Colleague: 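The following block contains the structure, expressed as structure tokens.
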Amino acid sequence: MLEEKTISRIPSKGYAAQNEHTNLAPWDFERRTPGENDVLIDILYCGVCHSDLHAIKNDWFSGVFPMVPGHEIVGKIASVGNQVSRFKTGDLVGVGVMVDACLECENCHNHQEQFCATGVQTYNHIGRDGLPVYGGYSNNIVVREEFVLNVSEKLSLAAVAPLLCAGITTYSPLRHWKVGKGHKLAVLGLGGLGHMAVKFGVAFGAEVTVLSTSESKREAAKALGAHNFVVTQDEAQLSTVKSSFDFILDTVSAKHDIDVYLSLLKANGVHICVGIPLEPLSVSPFSIVGGNKVLAGSGAGGLAQTQEMLDYCAENNIVSDIELIDIKNIDTAFERMLKGDVRYRFVIDMNTINQ
Ligand code: NAP
Ligand code: ZN
């Protein structure tokens, strides 16, 4: 561990929660001076993921405060360390949910750096130098070059930001399970992750049904390319899709009854959890034993696959549907996200941090 006194720092302006009971508020802090393998990025946009809200409210576990959330980062390289080979000043880049890992363990070798036991998440975590790390609701960030992704100039940069978490978190399981032509895919919950799952599912050739609590999203779901739309509280609508799906991608952020959804799978169907509600999942063994069903999970995606996803999006003109916000309105954005009132991702225009 480096001694703190040896580290000269980069001034940074962010929005932080000082503890789990406070709202986000402006906070000036310092980041480490970029080392020889680091890049300094001026942040242009940062997506607002539901995980940011879970984290600042300590929904899952005791967090590292003060906390600057944000792991859907797009920006421009401001400077590079002298050992950096992949980037130069001015490059457009992205940073997702992780900023470091050992790159030597089995998970790292298998290109699943997000599961490295000594990996470092973008925020709410302690870096490998022993100091807390801070996320993308800020004007800059220092990141080891291996954890920085190339972003195409072809797409709207603000709409690319959510790809760094919502994009890869849905792309990865759909690729893992080889979802595509001939498959019936249900996307449960049409929020930030859900709308990306619909876009990828359609692009990969699957027949996509949105399972939603919000009748008001019916037309919007179709506009995203979904073939069908089912309101989950409506028993009559649900009964039309019993035993019909090969895959369900579950993006729901709050407590919900998994047994109901497992009954919508065909035999050998797979229910993939990516949403992370506070409460443990409760599953009747009968729901998976009858029909040899699989209850699976998926966490973000590795570096190589994240780059693959960004390149795929650039080639296929896929971005997130976003509402660009001033960082001063972040509390309203969180309130609206909780109510499902966003089509489909808030993205912070980081210019607004200086105004
Ligand atoms: P989001 O934009 O808020 O979307 C969640 C959607 O879930 C809502 O739009 C809503 O869709 C549905 N929903 C909300 N409350 C519900 C309830 N009580 N019952 C049924 N459905 C409900 O959130 P997000 O950013 O997509 O994130 C979704 C979840 O994934 C969060 O828990 C987040 O922490 C987690 N996450 C996981 C990973 C990972 O690596 N696995 C990565 C990022 C995020 P409808 O209106 O259509 O019902
Ligand atoms: Zn996220």
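First listed ligand is number 1; within each ligand, the first listed atom is number 1. The structure presented is a predicted model; accordingly, all values stated were derived computationally and were not measured.
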Colleague: Would you say Leu193 and ligand 1 have an N/O pair spaced under 3.5 Å apart?
Modeller: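 By distance alone, the answer is yes.
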Colleague: Could you establish whether Gln114 and ligand 1 come within less than 4.0 Å of each other, counting only heavy atoms on the residue side?
Modeller: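 For ligand 1, residue contact (heavy atoms, under 4.0 Å) with Gln114 is absent.
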Colleague: Which residue, Lys266, Lys181, Lys178, forms the salt bridge (charged side-chain N to carboxylate O under 4.0 Å, His left out) with Asp246?
Modeller: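 Only match with Asp246 under salt bridge (charged side-chain N to carboxylate O under 4.0 Å, His left out): Lys266.
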Colleague: How close does the nearest protein non-hydrogen atom get to atom 12 (C) of ligand 1, and which residue and atom is it?
Modeller: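 Looking at atom 12 (C) of ligand 1, the protein heavy atom closest to it is Gly189 CA, 4.0 Å.
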Colleague: Side chains of Arg128 and Thr118: do they bring a donor and an acceptor to under 3.5 Å?
Modeller: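 Yes.
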Colleague: Note the single closest protein heavy atom to atom 33 (C) of ligand 1, along with its residue, its atom name and the distance in Å.
Modeller: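 Residue, atom and distance for the closest contact: Ser51 OG, 3.4 Å.
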Colleague: Please classify the Trp60 to ligand 1 contact at 4.0 Å (heavy-atom distances, strictly less than): side chain, backbone, both or neither.
Modeller: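 Trp60 to ligand 1: side-chain contact only, backbone stays beyond 4.0 Å.
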Colleague: Do Ser287 and Lys293 have side-chain atoms, one donor and one acceptor, less than 3.5 Å apart?
Modeller: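 Ser287 vs Lys293: no donor-acceptor pair found between side chains.
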Colleague: Any chance the side chains of Asp321 and His195 put a donor and an acceptor closer than 3.5 Å?
Modeller: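 Side chains of Asp321 and His195: no pair found under 3.5 Å.
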Colleague: Distance-only, no hydrogens or angles: does the Lys76 side chain make a donor-acceptor pair with backbone N or O of Ile41 under 3.5 Å?
Modeller: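 Flag not set: sc Lys76 to bb Ile41 has no pair under 3.5 Å.
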Colleague: Could you list the atoms of ligand 1 found under 4.0 angstrom from a heavy atom of Arg345?
Modeller: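 Close to Arg345: 24 (P), 25 (O).
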Colleague: Nearest 0.5 Å, please: how far is CG in Asp38 from CD1 in Ile141?
Modeller: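 Reported to 0.5 Å precision, the distance equals 10.5 Å.
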Colleague: Any nitrogen or oxygen of Gly192, side chain or backbone, less than 3.5 Å from one on ligand 1?
Modeller: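 So ligand 1 has an N or O lying under 3.5 Å from an N or O of Gly192.
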Colleague: Quick one: does Glu145's side chain have a donor or acceptor within less than 3.5 Å of a partner on Ser85's backbone?
Modeller: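 Yes, because the side chain of Glu145 sits within donor-acceptor range (under 3.5 Å) of the backbone of Ser85.
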Colleague: Which atoms of ligand 1 are found less than 4.0 Å from any heavy atom of Ser212?
Modeller: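 Atoms satisfying the 4.0 Å criterion: 45 (P), 46 (O), 47 (O), 48 (O).
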Colleague: May I ask you to identify the nearest protein heavy atom to atom 18 (N) of ligand 1, giving residue, atom name and distance to one decimal place in Å?
Modeller: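 Of the protein heavy atoms, Ala254 CB, 3.4 Å lies nearest.
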Colleague: What atoms of ligand 1 come within less than 4.0 Å of a heavy atom belonging to Ala300?
Modeller: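 Those of ligand 1 that fall under 4.0 Å from Ala300 are 39 (C), 40 (O).
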Colleague: Within the 3.5 Å criterion, strictly below it, is a donor on His54 or Ser253 matched to an acceptor on the partner's side chain?
Modeller: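 Their side chains do not contain a donor-acceptor pair, so the 3.5 Å distance test is not met.
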Colleague: What protein heavy atom lies closest to atom 4 (O) of ligand 1? Include the residue and the distance to one decimal.
Modeller: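 Answer for atom 4 (O) of ligand 1: Gly191 CA, 3.4 Å.
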Colleague: In ligand 1, which numbered atoms sit nearer than 4.0 Å to a non-hydrogen atom of Cys49?
Modeller: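 Matching atoms, with element in brackets: 43 (C), 44 (C).
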Colleague: Checking the side chain of Trp60 only, and the main-chain atoms of Ile276 only, is there a donor and an acceptor separated by less than 3.5 Å?
Modeller: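 Yes, because the side chain of Trp60 sits within donor-acceptor range (under 3.5 Å) of the backbone of Ile276.
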Colleague: Check for me whether Gly299 has a heavy atom closer than 4.0 Å to any atom of ligand 1.
Modeller: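 The answer is yes, since Gly299 has a heavy atom less than 4.0 Å from ligand 1.
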Colleague: Between the side chain of Arg175 and the main-chain N/O of Gln305, is any donor-acceptor distance below 3.5 Å?
Modeller: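 Side chain of Arg175 to backbone of Gln305, a donor-acceptor pair under 3.5 Å: no, none is there.
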Colleague: Give me the nearest non-hydrogen protein atom to atom 48 (O) of ligand 1 as residue plus atom name, then the distance to 0.1 Å.
Modeller: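 For this ligand atom, the closest protein heavy atom is Thr213 OG1, 2.6 Å.
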Colleague: So, Asp42 side chain and Asn140 main chain: donor-acceptor pair closer than 3.5 Å or not?
Modeller: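 It does not hold such a pair.
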Colleague: Closer than 4.0 Å to some heavy atom of Cys165 - which atoms of ligand 1 meet that?
Modeller: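 That gives atoms 42 (C), 43 (C) of ligand 1.
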Colleague: More than 12 heavy atoms of other residues, nucleotides or ligands under 6.0 Å from NZ of Lys328: yes or no?
Modeller: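 Enclosed: over 12 neighbouring heavy atoms sit under 6.0 Å from NZ of Lys328.
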Colleague: Based purely on interatomic distance, does Gly340 place a nitrogen or oxygen under 3.5 Å from a nitrogen or oxygen of ligand 1?
Modeller: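 N/O-N/O distance below 3.5 Å does not exist for this pair.
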Colleague: Under 30°, 30 to 60°, or over 60°: which ring-plane class applies to Phe204 and Tyr312, parallel, tilted or perpendicular?
Modeller: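 Ring orientation, 0 to 90° scale: perpendicular.
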Colleague: For a side-chain contact (heavy atoms from CB on, under 4.5 Å) with Phe29, tell me which candidate from Pro11, Pro66, Ser138 qualifies.
Modeller: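 Single side-chain contact (heavy atoms from CB on, under 4.5 Å) partner of Phe29 among Pro11, Pro66, Ser138: Ser138.
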Colleague: Does the side chain of Glu308 pick up a donor-acceptor pair with the side chain of Tyr171 at under 3.5 Å?
Modeller: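 Checked: Glu308/Tyr171 side chains pair up, N/O donor to acceptor below 3.5 Å.
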Colleague: Between ligand 1 and Ser214, is the shortest N or O to N or O distance under 3.5 Å?
Modeller: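 Min N/O separation from ligand 1 is below 3.5 Å for Ser214.
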Colleague: Which atoms of ligand 1 have any heavy atom of Leu190 under 4.0 Å away?
Modeller: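 Listed by number with element, the hits are 9 (O), 11 (O), 45 (P), 47 (O).
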Colleague: Under 4.0 Å from a heavy atom of Thr169: which atoms of ligand 1 are those, numbered in the order shown and with their elements?
Modeller: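 Ligand 1 atoms under the 4.0 Å threshold to Thr169: 38 (C), 39 (C), 40 (O), 41 (N), 42 (C).
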Colleague: Could you see if Leu92 belongs to whatever hydrophobic cluster contains Val84? Use Ile, Leu, Val, Met, Phe, Trp, Tyr and a side-chain cutoff under 4.5 Å.
Modeller: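 No, Leu92 does not connect to Val84 through the hydrophobic network.
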Colleague: Considering heavy atoms of the protein only, find what lies nearest to atom 5 (C) of ligand 1 and give residue, atom and distance to 0.1 Å.
Modeller: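 For this ligand atom, the closest protein heavy atom is Ser253 OG, 3.7 Å.
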Colleague: Hey, is Thr251 touching ligand 1 through its side chain, its backbone, both or neither, going by heavy atoms under 4.0 Å?
Modeller: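 Looking at Thr251 and ligand 1, just backbone atoms fall under 4.0 Å.
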Colleague: Could you list which atoms of ligand 1 come closer than 4.0 Å to a heavy atom of Met337?
Modeller: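 Answer for ligand 1: 3 (O).
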Colleague: Whether the Asp311 and Gln307 side chains hold a donor-acceptor pair (N or O, under 3.5 Å, no angle test) is what I'd like checked.
Modeller: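 Present: a donor and an acceptor within the cut-off.
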Colleague: Do any N/O/S atoms of Cys165 come under 2.8 Å of the Zn ion (ligand 2)?
Modeller: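 It does; at least one qualifying atom falls short of 2.8 Å.
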Colleague: Using a 4.0 Å heavy-atom cut-off, say whether Ser298 meets ligand 1 through its side chain, its backbone, both or neither.
Modeller: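 Only the backbone of Ser298 comes within reach of ligand 1.
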Colleague: Using distance alone, decide if ligand 1 has a nitrogen or oxygen within less than 3.5 Å of any nitrogen or oxygen in Ile276.
Modeller: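 Checking ligand 1 against Ile276, an N or O pair does fall under 3.5 Å apart.
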Colleague: Do me a favour and list the nearest non-hydrogen protein atom to atom 7 (O) of ligand 1 with residue, atom name and distance?
Modeller: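 Minimum-distance protein heavy atom for atom 7 (O) of ligand 1 reads Val252 CA, 3.7 Å.
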Colleague: For ligand 1 and Val274, I'd like to know whether there is a polar contact (N/O to N/O, distance under 3.5 Å).
Modeller: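 Yes, since at least one N or O of Val274 sits under 3.5 Å from an N or O of ligand 1.
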Colleague: So which protein heavy atom does atom 30 (O) of ligand 1 come closest to, and at what separation?
Modeller: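 Its nearest protein heavy-atom neighbour is Gly275 CA, 3.3 Å.
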Colleague: Is it the side chain, the backbone, both or neither of His50 that has a heavy atom closer than 4.0 Å to ligand 1?
Modeller: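 It is both parts that get close, each with some atom under 4.0 Å.
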